[in-house]
Amino acid sequence: MRNGLSKDLIARILGAQPKYTLAELEEKYPARSLPDGAFVTRFAPSPTGYMHIGGLYQALVDCKLAQQSGGVFMLRIEDTDTKREVADAVKIIEDSMHRFGLKYNNDEKYGPYYQSKRKDIYHSVVADLLARGLAYPCFLTADDMEKIRENQKAAGFATGIYGEFARDRDLTEEEIITRLDNGEVPSIRLYSTGNPENRIFCKDAVRGSIGFPENNEDIVLIKSNDGLPTYHFAHLCDDHFMRTTHVVRGEEWLPSFPLHIQLFRMMGWMPPMYIHTSTIDKIDAETGKQRKLSKRHDPEANVAFFLQDGWPTEAVLEYLGNIAASGYEEAKSKGQVKSIWDYEMKPKKIPMSGALFDMKKLEWWAKEFIASLSVDELVKRVRNWAEEYDVQWTARIADNPEYLKNILAIERDNPKRIRKDFITWKQTLQEVSYFWDDLFVPNKEYEFNKDALAAFLDSFDVCDDKDSWWNKIVSVATDKGIKNGEVAMNLRVALTGRTNTPDLYSIMQVMGGDKVIGRVKDVLK
RNA sequence: GGUCCCAUCGUCUAGCGGUUAGGACGUCAGAUUCUCAUUCUGAAAACACGGGUUCGAUUCCCGUUGGGACUGCCA
């Protein structure tokens, strides 16, 4: 600790008198009146251009924990890094939240929810630290720090601004004024009182108490270039004054956990409960090693990928939710709950080891989900997707909406035996594309038994019921001395170009007599 | 290098000192079916290793190994 700075000097450093006293802030953002045990959570992404699947996972946990406890879930935009900010990023985040049904409730009373708009709060808090000698203006330039870092590395020391390397931590007021007069703009650093010889214990809801050496780095609280806070300081102020009870964040924050706890202690504030979630990983194709899903290498790291390809958002949420609350799967299969929102998520049970993203399992959730839809609902979802991502399909569907409905209704009448070959809305359309002449691809490889096909065509009547239809196939087979299945397969390939399809009779009914006759004739030519 | 986190079938996990180590996805086999999908039945498949503690360790402790994160005026 050092001598506190005078009021006037603090105002000069900050560019203005602090707007609030700590007491005023406490009053402005009072404790929330919520039922006992209610969680106040927040998803706090920085607007850097896209929504990461890991972010969605965290947001789901946040939302779920708040929702099931009768608490509040907030969305806070951490836009303190002006350099990395991307134009539409906030829109993308909000849109993703909306599409996945993650409803947040940003009560104005505790806002604003953009960190860039909360400067007054950060400055007021840092003014208090400055006055108490727990923070100081630091005039180290980027070059200075680079040199320090190099020297530290060469000497085998830990890098960072601490102890003797914290050049400006004991500047007198006069020295500070001289530098200010010089036109130098300081950042504001923590005057760390931590000693790495001591251990500090930090409590994580899943991992329990974690011991660290105390933090002794004079980390930056307020940046010199824009007067905005760093993450560490912003989260301290925000989660305190937003009255957050549970901070759900990635495990990459674990190393700075002691710093955060020390910060809370310095302020005399009660820290929230922390839940550090594990990463969502994949095996790197080149190195064969497990690593976090990354935006650059993995399309599936980006939530937009799932939207574009038409994955049911519910399925993605169930997959992710089951990672956080692994009993969900079983409870659902036993019919105890209908959706992830009905299943209680226990903070302590959120897994702490990194989970490999399992596309196959996601596919399973998606198949199950789509199979649970009514035909009308399925058609609606598919159309909605097409309208957003595929104009050609939109046109085709609009041309004859009933046709798509009939196609998708195939083998869906028996609830116990619904086909489960649809995974995404996009793939659903591809799966049934042969129903449209412009998409139908005749099979050139298959060696047709033209005799049999011709014989079938002779007897074909689209009005036949399923039994007489099948009887005709059987009689063709008998006449030609081949198996029933072979006749059916010839017909299947002639009509669809594929060797695997749903029920042939249904397909023919939906296609209609003209198309059936046309396609068989094309083969016979 | 330093600090911290993690370690059960291929994958996600249940387990919280005594279990035939359970489930799900995936895989394989069989049955049903005009093919596929579905449905049903079944199978293979795991406690990283080495020390302790204990009558007894998958479970507790230590170490090793392996994986991960952090080490920025980025979050």
Side-chain angles (χ1 to χ4, degrees), chain A residues 44-48 78-81 83-84 115 138 140-142 145-146 149 153 156-161 186-189 196 202 204 206-207 210-213 215 217 219-232 234-235 249-258 276 278-279 281 283 289-292 319 322-323 326-330 332-333 349 351-365 367 371 411-412 414 416-422 431 469-470 473-474 477 483-493 496 498-505:
Chain A
S46 45
T48 52
E78 310 222 321
D79 55 348
T80 55
D81 185 1
K83 288 175 289 249
R84 281 207 313 157
Q115 288 184 329
C138 171
L140 250 18
T141 63
M145 286 184 290
E146 187 51 41
R149 191 174 304 123
K153 275 185 182 164
F157 294 143
T159 53
I161 304 303
S187 62
I188 297 172
R189 285 187 185 270
C202 305
D204 175 278
V206 282
R207 289 162 225 257
I210 307 170
F212 299 86
N215 168 269
E217 275 195 70
I219 57 121
V220 172
L221 266 15
I222 300 288
K223 297 182 280 181
S224 61
N225 59 345
D226 49 17
L228 286 169
T230 55
Y231 170 85
H232 310 290
H235 124 276
R249 46 148 57 158
E251 66 177 1
E252 66 270 20
W253 292 110
L254 238 23
S256 44
F257 200 1
H276 291 95
S278 55
T279 51
D281 305 344
I283 299 291
K289 292 191 171 181
Q290 187 162 344
R291 48 148 247 256
K292 198 168 148 182
Y319 171 68
N322 190 242
I323 290 179
S326 65
Y328 168 61
E329 206 174 345
E330 204 174 338
K332 185 173 177 179
S333 79
K349 301 278 283 177
M352 40 193 177
S353 52
L356 245 27
F357 193 86
D358 187 346
M359 218 32 144
K360 280 276 180 254
K361 188 126 192 190
L362 207 217
E363 283 183 10
W364 175 78
W365 281 108
K367 285 179 183 176
E411 286 186 68
R412 266 187 169 263
N414 180 352
K416 281 268 156 210
R417 299 215 147 194
I418 291 177
R419 295 190 70 80
K420 291 184 180 166
D421 39 14
F422 298 144
E431 198 66 30
W469 168 79
W470 181 246
I473 289 196
V474 172
K483 289 183 175 170
N484 301 343
E486 205 178 325
V487 179
M489 187 53 81
N490 268 276
L491 200 47
R492 166 173 294 109
V493 178
T496 68
R498 304 181 186 185
T499 49
N500 301 334
T501 72
D503 178 62
L504 242 194
Y505 177 75

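Protein chains get the first letters and strands the later ones, always in sequence-line order, with residue 1 at the start of each. Computed from heavy atoms alone, side chains included, the values below leave out hydrogens, waters and symmetry copies.
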Expressed as a whole number of angstroms, how long is the span from [X]:[atom1] to [N]:[atom2]?
| X | N | atom1 | atom2 | value |
| --- | --- | --- | --- | --- |
| A/I323 | B/C6 | CD1 | P | 18 Å |
| A/R492 | B/C36 | CZ | P | 9 Å |
| A/K483 | B/U35 | NZ | C1' | 13 Å |

- Can you name the side-chain contact (heavy atoms from CB on, under 4.5 Å) partners of A/S224, sequence neighbours left out? A/V185, A/S187

- Message: Heavy atoms only, 4.0 Å cut-off, all strands: where does A/S353 land among base, sugar-phosphate and nothing?
- Response: sugar-phosphate

- Message: Just to be sure I understand the rule, does A/R498 reach a base, reach only the sugar-phosphate, or reach nothing, if contact means heavy atoms closer than 4.0 Å?
- Response: nothing

Give a yes/no answer on whether the side chain of [X] brings an N or O atom under 4.0 Å of OP1 or OP2 in [N].
| X | N | value |
| --- | --- | --- |
| A/T48 | B/A75 | no |
| A/K289 | B/G67 | yes |
| A/K83 | B/A75 | no |

- Message: Testing the 3.5 Å rule here: is there a donor-acceptor pair between the side chains of A/R84 and A/T48?
- Response: no

With both distances kept under 3.5 Å, what pairs with [N], Watson-Crick or G-U wobble?
| N | answer |
| --- | --- |
| B/G10 | B/C25 |
| B/U32 | none |
| B/C49 | B/G63 |
| B/G18 | B/C55 |

Check whether any side-chain N or O of [X] sits under 3.5 Å from a backbone N or O of [Y] as a donor-acceptor pair, and report yes or no.
| X | Y | value |
| --- | --- | --- |
| A/R189 | A/I161 | no |
| A/Y231 | A/E78 | no |
| A/T230 | A/V220 | yes |
| A/T279 | A/D281 | no |

Looking only at the side chain of [X] (C-beta and beyond, no hydrogens), which of the listed nucleotides [options] gets closest?
| X | options | result |
| --- | --- | --- |
| A/T501 | B/U35, B/C73, B/A14 | B/U35 |
| A/R419 | B/A37, B/C12, B/C73 | B/A37 |
| A/K360 | B/C6, B/G15, B/G26 | B/G26 |

- Query: Are any of the side-chain nitrogens in A/E431 or A/R419 under 4.0 Å away from the carboxylate oxygens of its partner?
  - Reply: no

- Message: For a quick check, tell me whether the side chain of A/S326 and the base of B/C12 share a donor-acceptor pair closer than 3.5 Å.
- Response: no

- Of A/P502 and A/L362, the one whose closest RNA chain B nucleotide lies more 5': A/L362

- Message: If you assign each of A/D358 and A/Y505 to its closest nucleotide in RNA chain B, which residue comes earlier from the 5' end?
- Response: A/D358

- Task: Determine the interplanar angle of the A/H232 and A/W253 rings, folded into 0 to 90°, and report it as parallel if under 30°, tilted if 30 to 60°, perpendicular if over 60°.
- Result: perpendicular

- Message: Walk along nucleotides 40-48 of chain B from 5' to 3' and tag each nucleotide B, S or - by protein heavy-atom contact under 4.0 Å, base first, then sugar-phosphate.
- Response: ---------

Between the protein and nucleotides 69-72 of chain B, are there any N/O to N/O pairs under 3.5 Å, and if so, what are the atom names and distances?
residue	atom	partner	partner atom	Å
B/U71	O2'	A/T159	OG1	3.2
B/G72	OP2	A/T159	OG1	2.9

- Query: So, do A/N322 and A/K332 sit near enough that their side-chain heavy atoms are less than 4.5 Å apart?
  - Reply: no

